[in-house]
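Since the model is a prediction, treat every value here as computed from it, not as a measurement. Every chain is numbered from 1, with letters handed out A, B, ... down the list of sequences.
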Amino acid sequence: MSVMPGGLGAALWVLAAVAAGLLPLLSLAFSAGGPTLDGAVWAALRFTLVQASLSTVLAVVPAVALARALARRQFRGRDLLLRVFAVPLALPAIVAVLAVVAIYGTSGWLGGIIPVYGLSGIVLVHVFFNLPLATRLILEALASTPPEAHRLAAQLGFTDGQVFAHVDGPVLRNRLPAIAGLIFLLCAASFVTVLTLGGGPSATTLEVAIYQSLRMDFDPARAAGLALVQVALSVTLVALAGRMMLAPAAQAPVRLRQGRFCGGRAGGKGADGRAVAPGIAVVVPPVAALVMSGLDHVTLNGALLSALGWSLAIGGAAALVATALGYGLAGAAARAPRWRGWFEGVALAGVIVPPAVMATGWFLLFGRNGTSIAELFLLVVALNALMALPFVVAVLAPALTRLAAAHDRLCASLGISGWARLRFIDVPALRRPLAQALLLAGIMAMGDLTAITLFGSGGILTLPALVYQQMGHYRGHLAAGTALVLALVIFLSAWLAEHLGAEDDPH
Amino acid sequence: MKRLSFALAALVLAALPAAARDTLTVYTYDSFVSDWGPGAAIKAAFEKTCDCEVKWVALGDGVAMLNRLKLEGNETSADVVLGLDTNLTAEAKDLGLFGPHGVDVARAHVPGGWSDTTFLPYDYAHFAVVYDTETMKTPPTSLDELVTGDASQKIVLEDPRSSTPGLGFLLWMKSVYGDKAGERWARLKPRILTVAPGWSEAYALFTRGEAPMVFSYVTSPAYHMVEEKSARYQAAKFSEGHYLHIEVAGLIEASPEKALARKFLDFMLTPGFQNEIPTRNWMLPAGDMSVPLPDAFSTLVRPDKPLLYTPEEVRDHRRAWIDEWLNATK
Amino acid sequence: MIRIEHGLYVYGGFRLAIDLTVPRGSLTAVLGPSGAGKSTLLAIIAGFEPLRQGRVQVAGEDVTELPPAQRPLTMVFQDNNTFAHLDAWTNVALGVSPALKLDDEQRRRVDEALAQVGLSALAGRKPGEMSGGERQRIALARMLVRNRPVVLLDEPFAALGPGLRAELLAELQGMQKERGLTILMVTHQPEDARAVADQVCFVDGGAARPPMATADFFAARADAAIAAYLGGWRDGR
């Protein structure tokens, strides 16, 4: 089967967007004598590696346990928990930091248990952000397990460890490096969290250094040098993760129905309870604190409604763009196993190239003559779509691999292709992962502050931007109310995505 | 992408009423034109004095504006740039974009006087350590006491690499301690709860009770007294003097609306502009007001001695001084 | 050997009433239209689906509350009977010890089972490198080493060609005779039932009927449901 032209098209779009970001900065750097590096880079690199590695391990390991428990058990509150878990994904960093501080800070409910100022606090907030994300992505990967595998495991009397070794493990081995790599890159690029809780200059990451050289010093040569180090680090990591991933099993499961049996000795209720507990303990209390602090301060005035409208518009548009691109890339990766690493690597561009670099480049190309509000909207949507693309691909890739194995030949023989295939075959069969992809991309764009900050708000004020504006005017309590509205919108989006993605009940 | 964006832009523009009047494009920072900022009232007041329209372009903060100008160069669409501070004006002048403001500098009332003919101040405030009277009974009375005091009483600072107050505190330390600044930073370090990326993050941690002190402005208590009727948060007066923050505006020499821009800068020091500053920008007016300052302002700390480096000194040494801070506190 | 009395299964709007007795050492074919609940019947006996009413007895033991692994039976699915990351030998060995801790005697049993299904030469291959028929032989070999008295097969050879299907059916029948197994097999091929089954359990209209002798089933043309199911099918066509 040849590579879908859609995949190549999507890859070219993404690469063009990245080139448009990197090249103007590089040319600016070369006209200023070429990219430069100094000793501070290595300290920043070291701290980046330490905090991102710790954050990734502490987010992914509990997420595996949590996702396995959620995959095998339907319990009251399971859907509610997953919706609550969507909330951290879209919170502006400062809101998340304040929510975590409200629990673990010096005057927090559980103050003193974990020191929040310093490395442990940074890691804690990163886990708060990424444990739910990892859980969602792992859950999506586990959904591609053939249902017979669990029945077989139950019949053979597998223990929980043996189920992990022979059923979940092989599935995860295929996806976990990509998921962990993605989360590592996110943590490496973290900025506000690192600075707010880092305590001072010792907590300087590459991203902070890039921001400083682009903003305070306006030193494109140094920014370009740092950006190249960050890109090199990310590409190395992606290549490593790619090598760790097995080729998809030749005996690809062909059934697309859900439902997983678990009985016997594997994973009793107690074990599942223990698996769920750490995840809940890290994620739920800060979300509760966020709700409590905002409860009395929601005033539905014009500013809030307009910010809500902008957030929904940007979130919706970015979700559509990211999902369309990601669908092409994941489809191509599924059909051309030999090029899989390349297609999935392209999808990572948005987290590999620092957004500050991308935005500066785009501005040099498109924005020099002033930007209208419509152009600004498009730039913000494009940058957000690019940043959300890795998550879309992470969700769609396992499902598209299954789908390609199940339907490609049939569709080819029936001559079903293009729009008809999309409409009648792929979209109905991929409802759940597509809804998940739209949800992830949408809420991440809704909660994003990076793009708006980088391009200048110029009339576009989203919910996260409003949060910052209110905080900047001493209105911390109003900001808490606005953050609650944002959390509520995400919660409802997650609910909507569940309904859009609900599959027909197989009996 | 470009064609599509132009098509969309054309649609948006077509929906607007044709702008026959002169338009003055003013770059400023976000919070100046937000719902609580003075932007809307100032726009209305100025438009009454001319047959023109003021168009605000909001760009994050002063540093973001300066970077935008560096990227745009001669192609900038700005007529006036409002919201730089004296730490940025030397670099801004180096761009060669700004022309003389043509306003009598004697009309600008800032501590230490004003003589710059390119940039004109519109407000100012001294930086100060603000403390929570409920958790701190004896605030420091000098920078020295802050540096050497009880390490269990923490302060939230801002990062000089990413924020204006952060740079302000760095310059304050430098202007008081000179060559010993690095050593004093190391001494202060145990008292620092954290170094937030910006004022908003730092102040949020402070008002949530994470630390009894935060680095802010002498005018901060006025907000709490006027808007919240609370005297809980107060500024500490330091005997060495306080570093000064002065916000300025300038006009683009090549602007086709230079006459209008000059008129705007002139208007900037009149009551139509200045009346909005104290309770909307929470700064002190640099020009005449036609209404008295709210009572709360009379209770604010009045520093004995303003500290201020020249814009050129900041331009030439900022990077080295930041490196000194990095080395001393890492 | 297998006994369900007044059993009732409910899932959403789907209901299946079950009255069933399968004698020891018999081979029973489960026939019926698609979606009637044939696979569900097997899943209930194997312990993957719960009954709302009634009890399940296997080998004289009430297994209703027992988890699948503790029931005295082995189930073979239509596909996905193997773990793709393990070779054929290990896949079979899992039937002896899920922890893959085998003594010499157990290793010998795995080798023997592989020999019996004709896979000795392919013991080191992974399922992805084998044909569909060979993968099902792995499942049969594992069934042998598990050595449980009852075997449930859910369309085990549906994806195979007629020659291979007949071959595997014959092998299955041989194992049954040799070991005295009790077999319940879902199939869509009446000729398979006719060739090897002692009796037929017909599942249709929300009920699994008590099994009847194979010859009687194919002669029961007066029964409208059976006639409709068999349609124009005649033996030997």
Side-chain angles (χ1 to χ4, degrees), chain A residues 40 43 94 97-98 101-102 105-107 117-118 121 191-192 195-204 208 211-212 214-218 293 301-303 360 363-364 366-370 372-375 377-379 382 453 456-459 461 465 468-476 479, chain B residues 1-2 4-6 8-9 11-13 30-31 34-37 57-60 63-64 66-68 70-72 75-77 91 154 157 159-162 189 192-201 203-205 207-211 220 223-224 227 282 318-319 322 325-327 329-330:
Chain A
I94 184 59
V97 166
L98 290 176
V101 161
T106 43
S107 54
Y117 298 99
F191 180 76
V192 171
L195 276 182
T196 306
L197 296 178
S202 53
T204 292
V208 172
Y211 179 82
Q212 180 198 359
L214 266 181
R215 205 190 108 94
M216 289 307 275
D217 304 335
F218 199 76
S293 72
N301 55 18
T360 306
F363 179 80
L364 285 168
F366 303 115
R368 264 185 203 262
N369 307 315
S372 72
I373 202 159
E375 288 173 308
F377 179 77
L378 287 179
L379 285 174
T453 312
S457 64
L461 191 71
Y468 255 86
Q469 192 176 82
Q470 288 165 331
M471 283 175 60
H473 277 275
Y474 294 99
R475 265 91 177 171
Chain B
M1 143 127 208
K2 255 205 118 154
L4 182 62
S5 63
F6 282 138
L8 278 175
L11 274 177
V12 171
L13 287 176
D30 280 331
S31 69
S34 74
D35 278 4
W36 305 281
V57 175
L59 293 167
V63 180
L66 183 59
N67 286 341
R68 176 62 67 95
K70 286 178 184 170
L71 289 174
E72 290 176 337
E75 295 167 18
T76 184
S77 53
E91 269 187 81
K154 305 273 186 195
L157 292 179
D159 195 316
R161 294 171 294 178
S162 53
K189 196 185 170 192
I192 303 171
L193 179 73
T194 190
V195 183
W199 178 88
S200 297
E201 290 89 349
Y203 212 78
L205 289 174
T207 50
R208 291 185 180 218
E210 286 298 296
S220 295
Y223 168 81
H224 299 285
E227 294 287 330
W282 301 101
R318 179 171 54 86
R319 186 113 180 227
I322 284 179
W325 163 73
L326 283 170
N327 285 323
T329 57
K330 80 178 170 198

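At a threshold of 4.5 Å between non-hydrogen side-chain atoms, the residues Val195(B) and Leu195(A) do not count as touching.
Closest non-hydrogen pair, Pro197(B) versus Ser162(B), comes out as O-OG, 2.8 Å.
Scored by the side-chain contact (heavy atoms from CB on, under 4.5 Å) test, Ala102(A) finds Ala289(A) as partners (sequence neighbours excluded).
Counting heavy-atom pairs under 4.5 Å between each of Gly105(A), Gly198(A), Ala43(A) and chain B puts Gly105(A) at the top. Put simply, of Ile322(B), Leu193(B), Thr207(B), Leu157(B), the one with the most heavy-atom pairs under 4.5 Å next to chain A is Leu193(B). In terms of heavy-atom pairs under 4.5 Å with chain A, the best-connected choice from Asp35(B), Thr329(B), Thr194(B) is Thr194(B). Between chain B and the options Val192(A), Asn301(A), Thr360(A), Val97(A), heavy-atom pairs under 4.5 Å are most frequent for Val192(A). No other option in Ser220(B), Ala211(B), Ala64(B), Gly37(B) has as many heavy-atom pairs under 4.5 Å with chain A as Ser220(B). Contact tally against chain B (heavy-atom pairs below 4.5 Å) for Tyr117(A), Tyr468(A), Phe191(A), Tyr474(A): the top residue is Tyr474(A). Between chain A and the residues Arg161(B), Glu91(B), Arg318(B), Lys189(B), the largest count of heavy-atom pairs under 4.5 Å involves Arg161(B).
Residue Trp199(B) touches chain A through its side chain alone, counting heavy-atom pairs closer than 4.5 Å. Interface remark: Arg208(B) contributes backbone and side-chain atoms alike to the contact with chain A (heavy atom separation under 4.5 Å). Proximity to chain A involves both the backbone and the side chain of Trp325(B), based on heavy atoms less than 4.5 angstrom apart. With a 4.5 Å cut-off on non-hydrogen atoms, Leu326(B) touches chain A through its backbone and its side chain both. Of the two parts of Leu98(A), the backbone and the side chain both hold a non-hydrogen atom closer than 4.5 Å to a non-hydrogen atom of chain B.
Under a 3.5 Å cut-off, the side chain of Thr196(A) and the backbone N or O of Ala196(B) do not form any donor-acceptor pair. The backbone N or O of His473(A) sits less than 3.5 Å from a side-chain atom of Arg475(A), completing a donor-acceptor pair. Remark: the backbone N or O of Gly198(B) is paired with a side-chain donor or acceptor of Glu201(B) at under 3.5 angstrom.
Salt-bridge formation is not detected for the pair Glu210(B)/Lys154(B): no Lys NZ or Arg NE/NH1/NH2 atom is positioned less than 4.0 Å from an Asp or Glu carboxylate oxygen.
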